[in-house]
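The figures here come from the full heavy-atom set of this structure, side chains too, leaving out hydrogens, waters and symmetry mates. Computed from a predicted structure; not experimentally measured.
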Amino acid sequence: MAQMIFVNLPVKDLEASKAFWGKLGYSFNPQFSDESGACLVFSDTVFAMLLTEARFKDFTKKDIADSATSTEVILALSADSREKVDELVDAALASGGSPSNDPQDYGFMYGRSFQDPDHHLWEVVWMDVEAMQKATAEGE
């Protein structure tokens, strides 16, 4: 069985978060969703549990980071092409997300980033693995 990852993220407004990710074309697994959380599906093995702050507090004794003023984590999603990077980030910005860092273009790797409505930082990255391997081999 392939290893899975479930990233748990606190959200202030669960319905608004679900609407944001739905506008980006993602779905939710109803089997792991209820009024206090929603299981956002990125792939067969990668999920984000969007949890109300009250539900998130059930899993930690620490304070919840204020992601509007501090960075708790930067989450990165892969994309199949440079165009797909732009499509997803542009859709996020048009759907209530906000800009994060400047685009990064290294020729063999291209990425852009955004903040979701709860200010979690997301990067979307495309990488030409063959070009990266070639550049690495030439640099040796």
Side-chain angles (χ1 to χ4, degrees):
M1 178 178 184
Q3 189 170 29
M4 295 196 238
I5 184 169
F6 291 84
V7 176
N8 294 281
L9 296 173
V11 299
K12 295 191 181 307
D13 183 333
L14 182 59
E15 292 306 314
S17 293
K18 287 169 53 178
F20 173 79
W21 289 103
K23 288 176 187 174
L24 300 185
Y26 292 99
S27 63
F28 295 88
N29 182 334
Q31 186 177 10
F32 299 107
S33 301
D34 60 22
E35 66 281 345
S36 64
C39 180
L40 174 59
V41 178
F42 288 107
S43 73
D44 292 340
T45 59
V46 180
F47 309 87
M49 295 299 301
L50 306 178
L51 302 170
T52 63
E53 289 184 343
R55 181 68 175 129
F56 190 87
K57 286 180 183 177
D58 290 338
F59 297 101
T60 184
K61 294 177 182 175
K62 294 181 177 184
D63 292 335
I64 296 175
D66 180 357
S67 54
T69 60
S70 62
T71 301
E72 74 224 301
V73 67
I74 299 173
L75 304 149
L77 299 171
S78 64
D80 292 334
S81 67
R82 295 172 64 94
E83 294 77 19
K84 292 293 184 185
V85 169
D86 288 335
E87 285 176 22
L88 182 56
V89 174
D90 289 344
L93 297 176
S95 299
S98 58
S100 186
N101 291 325
D102 293 332
Q104 298 178 339
D105 190 347
Y106 300 104
F108 63 88
M109 186 171 77
Y110 173 70
R112 289 178 59 197
S113 58
F114 64 92
Q115 296 181 61
D116 68 20
D118 286 285
H119 304 284
H120 301 292
L121 302 178
W122 295 86
E123 291 182 341
V124 185
V125 180
W126 164 82
M127 187 181 325
D128 182 338
V129 176
E130 290 179 18
M132 182 193 70
Q133 290 171 338
K134 182 179 177 185
T136 302
E138 290 172 355
E140 294 178 347

Looking at every non-hydrogen atom in both residues, tell me the closest pair between [X] and [Y] and how far apart they are.
X	Y	value
S33	A38	OG-CA, 3.3 Å
G107	R82	O-NH1, 4.4 Å
S67	H119	O-CB, 3.2 Å
R55	F59	O-CD1, 3.4 Å
V89	F114	CG2-CD2, 4.1 Å
F20	A92	CE1-O, 3.4 Å

Contacts table for residues 93-100: side-chain donor-acceptor under 3.5 angstrom, sequence neighbours left out:
from : atom 1 : to  : atom 2 : distance (Å)
S95  : OG     : A91 : O      : 2.8

Next on the checklist: Distance check, rounded to the nearest 0.5 Å: T52 atom OG1 versus D58 atom CG?
Outcome noted: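 These two atoms lie 8.0 Å from each other.
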
Item to check | Nearest-0.5 Å distance that lies between atom CG in L24 and atom CD in E87 | outcome: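 The CG atom of L24 sits 11.5 Å away from the CD atom of E87.
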
Next on the checklist: I'd like to know whether CG of D44 has more than 12 heavy-atom contacts from other residues, nucleotides or ligands below 6.0 angstrom.
Outcome noted: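 No, not enclosed.
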
Next on the checklist: Surrounding CG of D66 (heavy atoms of other residues, nucleotides or ligands, distance under 6.0 Å), is the total greater than 12?
Outcome noted: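 Above 12, so yes.
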
For residues [X] and [Y]: do they belong to one hydrophobic cluster (side chain heavy atoms under 4.5 Å, members Ile, Leu, Val, Met, Phe, Trp, Tyr)?
X	Y	answer
L51	L75	no
V41	L14	no
V11	M49	no
V85	Y106	no
L50	I64	no

Next on the checklist: Which residues pass the salt bridge (Lys or Arg N to Asp or Glu O under 4.0 Å) test with E35, not counting sequence neighbours?
Outcome noted: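 None.
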
Checklist entry - Angle class for the W21/Y26 ring planes (parallel below 30°, perpendicular above 60°, tilted otherwise)? => result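 Perpendicular.
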
Checklist entry - Of the options D90, D105, D102, which is the one that meets R112 in a salt bridge (Lys or Arg N to Asp or Glu O under 4.0 Å)? => result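 For R112, the salt bridge (Lys or Arg N to Asp or Glu O under 4.0 Å) test succeeds with only one of D90, D105, D102, which is D90.
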
Checklist entry - With no hydrogens and no angle check, is any side-chain donor or acceptor of D118 less than 3.5 Å from a backbone partner on K12? => result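 Here the side-chain-to-backbone pair exists.
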
Checklist entry - Counting N and O atoms only, with roles assigned by atom type, does the side chain of H120 sit under 3.5 Å from a partner on the main chain of E72, one being a donor and the other an acceptor? => result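 Flag not set: sc H120 to bb E72 has no pair under 3.5 Å.
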
Next on the checklist: Run the side chain to side chain contact (heavy atoms under 4.5 Å, CB included) test on F42 and I5 for me, step by step, so that the C-alpha distance in whole Å, both residues' side-chain angles and the decisive distance to 0.1 Å come before the verdict.
Outcome noted: CA-CA 10 Å; F42 288 107; I5 184 169; over 6 Å; no

In a table with atom names and distances, give each donor-acceptor pair under 3.5 Å that connects a side chain of residues 121-129 to protein atoms at least two apart or in another chain.
from : atom 1 : to   : atom 2 : distance (Å)
W122 : NE1    : D116 : OD2    : 3.1
D128 : OD1    : E130 : N      : 3.2
D128 : OD1    : A131 : N      : 3.1

